[in-house]
Amino acid sequence: MQGTPRYRFAPSPTGFFHVGGARTALYNWILALQSNGVFVLRIEDTDESRNEPQWTQGIIDALAWIGIDGNDPHFEGPYFQSANAPAHVAAAHKLYESGRAYYCDLTSEQIQERAKASGKPGYDGFSRDRKLEPGPGRVLRFRVPEGVTVVHDEVRGRVEFDNATLEDFVLLRGNGSPIFNLANVVDDITMNITHVVRAEEHLPNTPKQQMLWEALAGRVPVWAHVPVLVNEQRKKLSKRRDKVALEQYRDEGVLPDAMVNYLMTLGWAPPGDVEIVDFATIVREFKLSAVNHSSAFFDIKKLNSFNGDYIRKLSPDQFVAACEPWLSGGWPEERFDRSVFLRIAPHVQTRVALLSEVPSMIDFLFLAEAPIDEAAFGKAFGTEWAVPTLRAIRDRISTGEWSADSLKSAVEAVGAEHDVKLGKLQAPLRVATTGRSVGPPLFESLEVLGREETLRRIDAALTRAG
RNA sequence: GCUCCCAUCGUCUAGCGGCCUAGGACACAGCCCUCUCAAGGCUGCGGCACGGGUUCAAAUCCCGUUGGGAGUGCCA
């Protein structure tokens with residue numbers, strides 16, 4: 001089978017977009033890009049009870065965020081599985097007519113009773129030779145042949161399943177609607193999918209799907225099952241108990257490039273002793289056969305570390321632009337000055353791992369009154385030299401050049417007079433002007449804050465200190 | 001229970017029979033730098049799950065044990 005490789009990503013719209021899904025999508029996307037193939041997005045929306053239309057847009061937005069662009073020529077879709085229901089049913093009938101499937105009228109309860117009575121779990125093939133006609137309440141089951149099914153997996157190699165352990169699975173429900181395994185395979189066949197790259201949890205489904213492929217298409221796709229992402233307890237990441245929503249990381253200020261790079265280091269590593277690599281390198285170097293076989297812990301600490309790295313690599317302009325979504329709250333809008341932020345930006349970049357940490361680091365510049373941290377104030381003004389030195393500093397900086405360098409010189413001079421080290425001496429000044437004991441470099445901050453406001457805040461603090 | 005998958009520092013990984021007294025990154029600790037906090041630099045801590053084979057030689061190959069995980073629906 002020649003032609004362009006066709007990969008696919010087939011999420012079901014049942015909630016926020018999962019980081020594990022993001023990784024699977026990335027694998028498919030990268031593979032499609034490096035082979036000049038196609039990435040097909042198919043929304044598997046056939047579970048009437050769980051899916052919500054709103055999540056579909058969420059999936060598309062999330063994919064776009066990590067660089068999987070719906071307008072890229074390698075991107076195809078989205079398709080909706082529900083739209084293909086007639087094809088699923090037609091395929092099922094074809095299987096029935098050729099004798100590869102049969103109807104069964106047993107209820108779930110009856111199957112359970114029989115299993116309990118025989119001591120063997122699952123469906124026992126009771127209706128295999130009863131030659132039942134289609135009818136309400138009757139499910140269509142696939143007649144699993146004897147023998148073994150060998151799955152050739154790009155990451156795991158050869159995996160063998162004894163067909164005796166595979167029960168005659170359901171194709172069509174009692175109400176005539178198709179089941180996942182059928183719909184999934186029929187869609188992949190009709191969409192000409194050549195490579196199925198998905199999470200390991202689907203491996204047990206694969207022999208069943210492979211039998212369907214053989215019966216319906218006479219060919220089998222290239223399979224690849226990548227390890228799942230797990231939490232600290234080594235359990236598969238779950239929407240219920242773990243922080244898995246891609247949207248949440250985005251909202252906290254994780255850069256998409258950092259997320260993509262981090263996700264790709266889970267189960268795979270670029271050549272050499274480096275982990276921070278650009279996307280072009282990933283596309284060039286990534287190989288399915290090099291993907292690890294074991295599950296990987298999604299480590300938020302390491303993600304944050306990657307993100308800090310990416311933040312530091314941004315130019316000040318890019319950084320300020322990336323911060324845009326976090327720049328609206330916390331201070332009166334009219335007091336915000338982008339150019340002021342830009343001046344202090346390089347100093348902020350080395351101090352945050354998440355963009356959401358930025359506002360609290362620069363708000364003193366845009367607030368009319370920077371709130372004073374009580375504990376910090378108490379500590380900074382707890383010495384007998386605090387007030388006298390701050391007065392002296394105030395006197396010195398009230399005139400003359402206004403720059404970080406001259407400010408530093410002024411404070412150093414006061415330090416020499418009072419025999420107090422700069423490291424200690426800056427504390428009262430910092431708390432007085434920024435309200436906090438930590439922050440960007442003080443003198444650069446004051447340079448940006450301006451003389452008038454600096455003096456005003458020093459006076460306020462002096463009054464407060466009594 | 002049954003089927004399948006997996007097993008290198010706490011975590012993510014490099015390693016695909018000799019280059020390994022096992023390399024890198026995150027985390028952690030210490031030192032340096034330093035106006036706070038970071039960033040950066042240096043150092044340290046720490047691992048081939050266990051037992052048998054195969055081989056001149058095994059983290060690397062084979063078998064078993066143990067330990068994890070996934071699946072086991074008329075969900076996807």
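Note on naming: letters A, B, ... go to the chains in the order of the sequence lines (proteins, then strands), and numbering restarts at 1 for each one.
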Under 4.0 Å, counting only non-hydrogen atoms across every strand here, what does [X] touch: a base, just sugar-phosphate, or nothing?
| X | value |
| --- | --- |
| A:L266 | sugar-phosphate |
| A:V159 | sugar-phosphate |
| A:P11 | nothing |
| A:L182 | nothing |
| A:H202 | base |
| A:R156 | sugar-phosphate |
| A:Q81 | sugar-phosphate |
| A:F169 | nothing |
| A:E160 | sugar-phosphate |

What integer number of Å spans the [atom1] atoms of [N] and [M]?
| N | M | atom1 | value |
| --- | --- | --- | --- |
| B:G30 | B:A22 | C1' | 25 Å |
| B:A59 | B:G51 | P | 13 Å |
| B:G23 | B:G46 | C1' | 14 Å |
| B:A57 | B:U13 | P | 33 Å |
| B:A49 | B:C9 | C1' | 13 Å |
| B:U72 | B:U65 | P | 26 Å |
| B:C48 | B:G15 | C1' | 10 Å |
| B:G69 | B:U8 | P | 15 Å |

For A:R457, salt bridge (Lys or Arg N to Asp or Glu O under 4.0 Å) partners two or more places apart:
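Testing A:R457 for salt bridge (Lys or Arg N to Asp or Glu O under 4.0 Å), a comparison that skips the adjacent residues, returns A:E453.
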Test salt bridge (Lys or Arg N to Asp or Glu O under 4.0 Å) applied to A:D124 - qualifying residues, sequence neighbours left out:
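With neighbours one apart ignored, the set is A:R114.
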Separation of [X] atom [atom1] from [N] atom [atom2], in whole Å?
| X | N | atom1 | atom2 | value |
| --- | --- | --- | --- | --- |
| A:N205 | B:A70 | CG | P | 15 Å |
| A:W55 | B:A76 | CH2 | P | 19 Å |
| A:E154 | B:C5 | CD | P | 17 Å |
| A:W268 | B:G15 | CH2 | P | 11 Å |
| A:Q210 | B:G71 | CD | P | 21 Å |
| A:L203 | B:C6 | CG | P | 9 Å |
| A:H347 | B:G40 | NE2 | P | 16 Å |
| A:N163 | B:U3 | CG | P | 14 Å |

Residue list, side-chain contact (heavy atoms from CB on, under 4.5 Å) with A:A224, at least two apart or on another chain
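In terms of side-chain contact (heavy atoms from CB on, under 4.5 Å), with neighbours along the sequence ignored, A:A224 is linked to A:E154, A:V155, A:V197, A:L288.
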State which residues pass side-chain contact (heavy atoms from CB on, under 4.5 Å) with A:R284; sequence neighbours excluded, sorted by chain then number.
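Residues passing side-chain contact (heavy atoms from CB on, under 4.5 Å) with A:R284: A:T281.
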For [N], which nucleotide is its Watson-Crick or G-U wobble mate, given both distances must be under 3.5 Å?
| N | result |
| --- | --- |
| B:A57 | none |
| B:C45 | none |
| B:C50 | B:G64 |

Between A:R234 and B:G10, does any side-chain N or O lie under 4.0 Å from OP1 or OP2?
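Checking B:G10 against A:R234, no side-chain N or O comes under 4.0 Å of OP1 or OP2.
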If you compare every side-chain N and O of A:K236 against the phosphate oxygens of B:G71 (OP1, OP2), does one of them come in below 4.0 Å?
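A:K236 to B:G71 OP1/OP2: side-chain N or O found under 4.0 Å.
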Taking the side chain of A:P204 as heavy atoms from C-beta outward, which of B:U3, B:A14, B:G71 is closest to it?
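Of all the options, the side chain of A:P204 is nearest to B:G71.
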Which of these nucleotides, B:A39, B:A76, B:A27, is closest to any side-chain atom of A:T350?
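So the nucleotide nearest the side chain must be B:A39.
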A:D188 bridged to A:R42 by N-O distance under 4.0 Å
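Yes, A:D188 and A:R42 are salt-bridged.
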Under 4.0 Å between a Lys/Arg side-chain N and an Asp/Glu carboxylate O for A:D105 and A:R130?
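A salt bridge is present here (some side-chain N lies under 4.0 Å from a carboxylate O).
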Pairs flagged by ring-ring contact (aromatic ring centres under 6.0 Å, His included) wherever residues 134-164 of chain A is involved - sequence neighbours left out:
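For residues 134-164 of chain A, and leaving out neighbouring residues, the ring-ring contact (aromatic ring centres under 6.0 Å, His included) pairs sorted by first residue read A:F142-A:F169.
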So which pairs with a foot in residues 287-310 of chain A pass ring-ring contact (aromatic ring centres under 6.0 Å, His included), sequence neighbours left out?
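Every ring-ring contact (aromatic ring centres under 6.0 Å, His included) pair that includes a residue of residues 287-310 of chain A, provided the two are not neighbours, is A:Y249-A:F298, A:Y262-A:F298, A:Y262-A:F306.
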Once hydrogens and angles are ignored, does a donor-acceptor distance under 3.5 Å link the base of [N] to the side chain of [X]?
| X | N | value |
| --- | --- | --- |
| A:R351 | B:U36 | yes |
| A:E444 | B:C35 | yes |
| A:K302 | B:A25 | yes |
| A:E275 | B:G24 | yes |

Please give me every residue in [range] whose heavy atoms get under 4.0 Å of an atom in RNA chain B, ordered by residue number.
| range | value |
| --- | --- |
| residues 407-431 of chain A | A:K408, A:L422, A:G423, A:Q426, A:R430 |
| residues 303-313 of chain A | A:S305, A:R312 |
| residues 288-300 of chain A | A:N292, A:H293, A:S294, A:S295, A:A296, A:F297, A:D299 |

Got a sec, which pairs hit salt bridge (Lys or Arg N to Asp or Glu O under 4.0 Å) with one end in residues 423-438 of chain A, sequence neighbours left out?
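Counting only pairs at least two positions apart or across chains, the salt bridge (Lys or Arg N to Asp or Glu O under 4.0 Å) contacts touching residues 423-438 of chain A are A:D363-A:R436.
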Sequence neighbours excluded, every pair satisfying salt bridge (Lys or Arg N to Asp or Glu O under 4.0 Å) that has a member inside residues 349-359 of chain A
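Found none.
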Any donor-acceptor pair under 3.5 Å linking the side chain of [X] with the backbone of [Y]?
| X | Y | answer |
| --- | --- | --- |
| A:R138 | A:R173 | no |
| A:N261 | A:V277 | yes |
| A:E285 | A:I282 | no |

For a salt bridge (charged side-chain N to carboxylate O under 4.0 Å, His left out) check, start with the C-alpha distance between A:R234 and A:E232, then their side-chain angles and the critical distance, and finish with the verdict.
CA-CA 5 Å; A:R234 297 250 126 215; A:E232 273 162 307; over 6 Å; no
Taking distance alone, no hydrogens or angles, what donor-acceptor pairs closer than 3.5 Å link side-chain atoms of residues 411-420 of chain A to residues at least two apart or in another chain?
residue	atom	partner	partner atom	Å
A:E417	OE2	A:R396	NH2	2.5

Nearest-nucleotide comparison on RNA chain B, the residue closer to the 5′ end among A:V170 and A:P121:
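By nearest-heavy-atom nucleotide position, the 5'-most residue is A:P121.
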Closest nucleotide of RNA chain B for A:D273 versus for A:N175: which of these residues is on the 5' side?
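Between the two, 5'-proximity favours A:D273.
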